[in-house]
Amino acid sequence: MRYREDNSRELARARAAVAAWREQNPGGTSEELVAAIGCQFHPDYGVVLRALLFAADRHQARLITGATGSAGPGRGSS
């Protein structure tokens with residue numbers, strides 16, 4: 001799938017599918033995710049599904065730990 005063929009509705013649908021899958025499979029891997037819901041999307045969308053899972057897990061980790069995501073000491077300051 002080429003980038004210009006993608007659209008915001010498809011991405012929103014993928015986000016919702018990944019979130020629902022993660023809720024049902026809290027310890028699941030990205031490979032399991034793609035195997036379970038990948039057939040609902042374009043065959044080349046696996047990388048997008050993996051990225052959305054990574055982002056969802058990172059967001060959840062920040063909520064749990066209270067991390068803000070800002071740069072720490074010595075990072076990003078020059």
Side-chain angles (χ1 to χ4, degrees):
M1 171 177 274
R2 295 183 312 188
Y3 174 74
R4 66 187 112 157
E5 294 172 347
D6 197 12
N7 63 56
S8 58
R9 282 181 283 154
E10 189 69 3
L11 188 56
R13 189 170 73 86
R15 275 193 191 103
V18 167
W21 183 87
R22 175 47 89 204
E23 191 172 309
Q24 294 176 359
N25 301 281
T29 66
S30 61
E31 290 80 17
E32 293 169 337
L33 166 79
V34 173
I37 68 170
C39 62
Q40 300 172 24
F41 299 93
H42 188 280
D44 295 338
Y45 227 62
V47 67
V48 175
L49 297 173
R50 287 182 183 95
L52 291 172
L53 181 63
F54 174 81
D57 286 350
R58 182 182 61 196
H59 178 74
Q60 185 63 27
R62 286 180 177 163
L63 290 175
I64 291 169
T65 63
T68 62
S70 61
R75 293 184 177 203
S77 57
S78 297

Excluding sequence neighbours, so at least two apart, what forms side chain to side chain contact (heavy atoms under 4.5 Å, CB included) with Ile64? Gln60

Side chain to side chain contact (heavy atoms under 4.5 Å, CB included) against Ala14, all qualifying residues, sequence neighbours excluded: Phe41, Tyr45, Leu49, Leu52

Leu11 reachable from Val47 in the ILVMFWY side-chain graph, under 4.5 Å edges: yes

Determine the minimum heavy-atom distance between Ile37 and Trp21, stating which atoms define it. CG2-CD1, 4.2 Å

Which residue pairs pass the salt bridge (Lys or Arg N to Asp or Glu O under 4.0 Å) test when at least one of the two sits in residues 33-42, sequence neighbours left out? none

Tell me which pairs pass salt bridge (Lys or Arg N to Asp or Glu O under 4.0 Å) where either residue lies in residues 12-28, with sequence neighbours left out. Glu10-Arg13, Arg22-Asp57

Sequence neighbours excluded, every pair satisfying salt bridge (Lys or Arg N to Asp or Glu O under 4.0 Å) that has a member inside residues 25-39: none

